[in-house]
Amino acid sequence: MQEIEIKTIKDFSLSLIENIKKLEIENLGKDAAINEWQIPVIIRYGKFIVAQLKKSSKIIGACEILREWKETRIAFIYSFYICSGYRAQGIGKKLLKDTLDILRDENFEQVELTVDAENKAAVKLYERFGFEAKEVRLDEYGAGINRTLMVLKF
Ligand SMILES: CC(C)(COP(=O)(O)OP(=O)(O)OC[C@H]1O[C@@H](n2cnc3c(N)ncnc32)[C@H](O)[C@@H]1OP(=O)(O)O)[C@@H](O)C(=O)NCCC(=O)NCCS
């Protein structure tokens, strides 16, 4: 496996945003993908962590995080993906492990995310790190789009 590094994006160029916009559509589909109106907002006001090839800096995975407004020790993983072609090689595990380490170091106490219960690969990955299903949020992202809330307490 090529060497992978996990990096928090701190500043950005137009080409970086265009690249992420493309990866979002390819890996999440056009309904779930965020675009040039949201990507910079998460970079500036949330946290945008990527997995990239060390040699070329090619981005091969992303984890986008928000902070809960009232309970500021709660982080919400808004989006998480590994680019197709790089899946099932342990990169999702590495990105999630390093992300959780970063959040723990920054004194977060709880991490939440939502997932489609049918997304077995994602559910298994989250369970492996100790996330537990807490509730089902009906119609969360539109009619019939139900999401399972999963929570990890540090
Ligand atoms: C879910 C996803 C992030 C997993 O990333 P990945 O790099 O392929 O995962 P890894 O190779 O690190 O495997 C991690 C664990 O996930 C589970 N997993 C991965 N692929 C799986 C599959 N096809 N079926 C079942 N479980 C799977 C396994 O438990 C695996 O651990 P193990 O092999 O030690 O048992 C990736 O499949 C993906 O990006 N999917 C599309 C976007 C998406 O659904 N994101 C989640 C939105 S909430």
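Order of appearance sets the numbers: ligands from 1, and atoms from 1 within every ligand. Just so you know, these numbers come straight off a predicted model, no measurement behind them.
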K.L.:
Evaluating non-hydrogen atoms only, which member of Phe80, Tyr126, Tyr78 is closest to atom 45 (N) of ligand 1?
P.N.:
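Heavy atom nearest to atom 45 (N) of ligand 1 belongs to Phe80.
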K.L.:
For atom 35 (O) of ligand 1, what is the nearest protein heavy atom, given as residue, atom name and distance?
P.N.:
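Here the closest protein heavy atom is Arg128 NH2, 3.4 Å.
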K.L.:
Strictly inside 4.0 angstrom of atom 2 (C) of ligand 1, do you find any protein heavy atom?
P.N.:
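Not a single protein heavy atom is under 4.0 Å away.
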K.L.:
Report yes if some N/O of Gln89 lies less than 3.5 Å from some N/O of ligand 1; otherwise report no.
P.N.:
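N/O-N/O distance below 3.5 Å exists for this pair.
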K.L.:
For atom 38 (C) of ligand 1, which candidate among Lys97, Lys124, Glu26, Arg87 provides the closest heavy atom?
P.N.:
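Looking at heavy atoms only, Arg87 sits closest to atom 38 (C) of ligand 1.
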K.L.:
What part of Ile82, side chain from CB on, backbone N/CA/C/O, both or neither, has a heavy atom under 4.0 Å from ligand 1?
P.N.:
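Under 4.0 Å from ligand 1, Ile82 contributes backbone and side-chain atoms.
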K.L.:
What I want to find out is whether Lys134 reaches Glu132 closely enough, with some N-O distance under 4.0 Å, to be called a salt bridge.
P.N.:
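Answer for the salt bridge query: yes.
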K.L.:
Are any of the side-chain heavy atoms of Leu96 and Ile77 separated by less than 4.5 Å?
P.N.:
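Yes. Closest side-chain heavy atoms under 4.5 Å.
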K.L.:
Hey, are the side chains of Asn27 and Arg87 touching, using non-hydrogen atoms and a 4.5 Å cut-off?
P.N.:
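Sidechains of Arg87 and Asn27: in contact.
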K.L.:
Taking non-hydrogen atoms only, is Phe129 closer than 4.0 angstrom to ligand 1 via side chain, backbone, both or neither?
P.N.:
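Looking at Phe129 and ligand 1, no heavy atom falls under 4.0 Å.
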K.L.:
Distance to 0.1 Å, residue and atom name: give those for the protein heavy atom nearest to atom 7 (O) of ligand 1.
P.N.:
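Residue, atom and distance for the closest contact: Gly92 N, 2.8 Å.
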K.L.:
A side-chain contact here means heavy atoms from C-beta on lying under 4.5 Å apart; do Ile49 and Asp98 qualify?
P.N.:
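With C-beta onward as the side chain, the pair stays apart.
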K.L.:
Which ligand 1 atoms are under 4.0 Å away from a heavy-atom of Tyr81?
P.N.:
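Selected atoms, number and element: 39 (O), 42 (C).
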K.L.:
Under 3.5 Å, which donor-acceptor pairs link side chains of residues 107-119 to any protein atom two or more places apart or in another chain?
P.N.:
residue	atom	partner	partner atom	Å
Gln110	OE1	Lys153	NZ	3.0
Gln110	NE2	Glu112	OE2	2.8
Thr114	OG1	Arg147	NE	3.0
Asp116	OD1	Glu118	N	2.9
Asn119	OD1	Ala122	N	3.3

K.L.:
For ligand 1, find out whether one of its N or O atoms is nearer than 3.5 Å to an N or O atom of Asn119.
P.N.:
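Yes, at least one N or O pair falls under 3.5 Å.
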K.L.:
Tell me, do Asn35 and Gln38 make a side-chain contact under 4.5 Å, heavy atoms counted?
P.N.:
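Yes. Closest side-chain heavy atoms under 4.5 Å.
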K.L.:
Is the shortest N/O to N/O distance between Tyr86 and ligand 1 below 3.5 Å?
P.N.:
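Not met; the criterion fails.
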K.L.:
Which is closest to atom 4 (C) of ligand 1 by heavy-atom distance: Leu95, Leu96, Leu125, Val123?
P.N.:
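When every heavy atom of Leu95, Leu96, Leu125, Val123 is considered, Leu125 comes closest to atom 4 (C) of ligand 1.
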K.L.:
Can you sort out which atoms of ligand 1 are near Ile91, meaning under 4.0 Å from one of its heavy atoms?
P.N.:
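By the 4.0 Å cutoff, the relevant atoms are 7 (O), 12 (O).
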K.L.:
Flag Lys93 as yes when one of its N or O atoms lies below 3.5 Å from any N or O atom of ligand 1, and as no otherwise.
P.N.:
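Yes; at least one N/O pair falls below 3.5 Å.
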K.L.:
Counting each atom of ligand 1 from 1 as listed, which ones have a heavy atom of Val115 under 4.0 Å away?
P.N.:
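Counting from 1, the qualifying ligand atoms are 48 (S).
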K.L.:
For Ala122 and ligand 1, does the shortest N/O to N/O distance drop below 3.5 Å?
P.N.:
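Between Ala122 and ligand 1 (N or O atoms, distance only) the closest approach is not under 3.5 Å.
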K.L.:
Are the charged groups of Arg73 and Glu71 less than 4.0 angstrom apart, N to O?
P.N.:
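Looking at Glu71 together with Arg73, the answer is no, because their closest N to O distance does not fall below 4.0 Å.
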K.L.:
Return the minimal non-hydrogen interatomic distance between Leu95 and Thr99, and the atom names on each side.
P.N.:
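Heavy atoms of Leu95 and Thr99 come nearest at O-OG1, 2.7 Å.
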K.L.:
So do Glu24 and Glu64 actually touch side chain to side chain, heavy atoms under 4.5 Å?
P.N.:
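Counting from C-beta outward, Glu64 and Glu24 do come under 4.5 Å.
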K.L.:
Who's the nearest protein heavy-atom neighbour of atom 23 (N) of ligand 1, and how far?
P.N.:
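Going atom by atom, the protein heavy atom closest to atom 23 (N) of ligand 1 ends up being Ala121 CB, 4.1 Å.
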K.L.:
Answer yes or no: is there a side-chain heavy-atom contact under 4.5 Å between Tyr126 and Phe80?
P.N.:
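Of all side-chain heavy-atom pairs linking Phe80 with Tyr126, at least one is under 4.5 Å.
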K.L.:
Is there a side-chain contact between Phe129 and Lys93 (heavy atoms, below 4.5 Å)?
P.N.:
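Yes - at least one pair of side-chain heavy atoms lies under 4.5 Å apart.
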K.L.:
Under 4.0 Å from any heavy atom of Gly90, which atoms of ligand 1 are there?
P.N.:
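Those atoms are 10 (P), 11 (O), 12 (O).
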K.L.:
Would one find an N or O of Ala88, backbone or side chain, under 3.5 Å from an N or O of ligand 1?
P.N.:
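Yes; the residue has a nitrogen or oxygen that sits under 3.5 Å from a nitrogen or oxygen of the ligand.
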K.L.:
More than 12 heavy atoms of other residues, nucleotides or ligands under 6.0 Å from CG of Leu138: is that the case?
P.N.:
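Buried by this count: over 12 neighbours within 6.0 Å.
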